[in-house]
Visitor: 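Here it is: the structure, laid out below.
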Amino acid sequence: VSRWQAGSLLLFRITSTGPVLLRIIDAAHAGPVYSLCAANAMFLSGGGDGTVSRWRVESKSGGLDLHYLKTFQVVSLAAVSCPDGTSRGASIKGIVCCELPDETVIFVGT
């Protein structure tokens, strides 16, 4: 999976001759997609809209597919105030997944 500046996700299958584009998921985010994270059958995308979207990865003939599950508003679209008195945009710049026995925890960076 790759990200695209327009807020879309691109799903590729890797072959011996190189990547083959399988699907473009338009408007996965309202703005650029900055971060991607995969853990088992879960896939997360984070964007310039301050949201994290959760996707389910499924096998299908010819490769994998992503199915949208839910979007979480992680940070306000307004600027985030930092402890040092500065502020920055509310884009999701990084996601890390941590799978625990009873839950999945995600860490996001803005």
Visitor: Please report the interatomic distance CZ(Arg13) to OG1(Thr15), rounded to the nearest 0.5 Å.
Guide: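 Atom-to-atom, Arg13:CZ and Thr15:OG1 are 6.5 Å apart.
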Visitor: Is Leu10 reachable from Val20 through a run of I, L, V, M, F, W or Y residues, each pair having side-chain heavy atoms under 4.5 Å apart?
Guide: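 Different hydrophobic clusters.
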Visitor: So which atom in Ser8 and which in Ile24 form the shortest heavy-atom distance, rounded to 0.1 Å?
Guide: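 Taking Ser8 first and Ile24 second, the nearest heavy atoms are CB-CG2, 4.1 Å.
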Visitor: Mind checking whether Leu66 and Leu69 sit in one hydrophobic cluster, side chains of I, L, V, M, F, W, Y counted as touching below 4.5 Å?
Guide: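 Not linked; separate clusters.
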Visitor: To the nearest 0.5 angstrom, please state how far the CZ atom of Arg56 sits from the CZ atom of Phe43.
Guide: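 With rounding to 0.5 Å, CZ (Arg56) is 14.5 Å from CZ (Phe43).
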Visitor: Would you say Val108 and Val52 make side-chain contact, with heavy atoms under 4.5 Å?
Guide: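 Val108 vs Val52: side chains touch.
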Visitor: Pairs in or reaching into residues 63-73: which pass salt bridge (charged side-chain N to carboxylate O under 4.0 Å, His left out), with residues at least two apart or in two chains?
Guide: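 Matches after skipping sequence neighbours: Arg23-Asp65.
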Visitor: Could you check Thr51 against Thr71 for side chain to side chain donor-acceptor pair (under 3.5 Å), going step by step and ending with a plain yes or no?
Guide: CA-CA 7 Å; Thr51 65; Thr71 295; 5.4 Å; no
Visitor: Taking all non-hydrogen atoms of both residues into account, name the closest pair between Ile92 and Gly50 and its distance.
Guide: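 Looking at all heavy atoms of both residues, the closest pair is CG1-C, 3.8 Å.
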Visitor: Report yes if some heavy atom in the side chain of Ile25 is under 4.5 Å from a heavy atom in the side chain of Tyr68; otherwise report no.
Guide: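 No, side chains not in contact.
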Visitor: Is there a side-chain contact between Leu9 and Ser45 (heavy atoms, below 4.5 Å)?
Guide: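 Sidechains of Ser45 and Leu9: in contact.
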Visitor: Is any side-chain heavy atom of Met42 less than 4.5 Å from a side-chain heavy atom of Cys97?
Guide: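 Yes, close enough: below the 4.5 Å cut-off.
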Visitor: First locate atom CG of Asp49, then atom OH of Tyr34, and finally report the distance between them rounded to the nearest 0.5 Å.
Guide: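 If I round to the nearest 0.5 Å, the distance is 10.0 Å.
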Visitor: Start with the C-alpha gap between His29 and Ser53, add the side-chain angles, then the distance that decides, and say whether side-chain contact (heavy atoms from CB on, under 4.5 Å) holds.
Guide: CA-CA 8 Å; His29 287 272; Ser53 292; 3.6 Å; yes
Visitor: How close do Ser91 and Gly48 get, heavy atom to heavy atom, and via which atoms?
Guide: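 Between these two residues, the closest heavy atoms are OG-CA, 3.4 Å.
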Visitor: Decide whether Phe72 and Ile95 are clustered together by the hydrophobic rule: side chain heavy atoms of Ile, Leu, Val, Met, Phe, Trp, Tyr closer than 4.5 Å, transitively.
Guide: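 Hydrophobic grouping puts Phe72 with Ile95.
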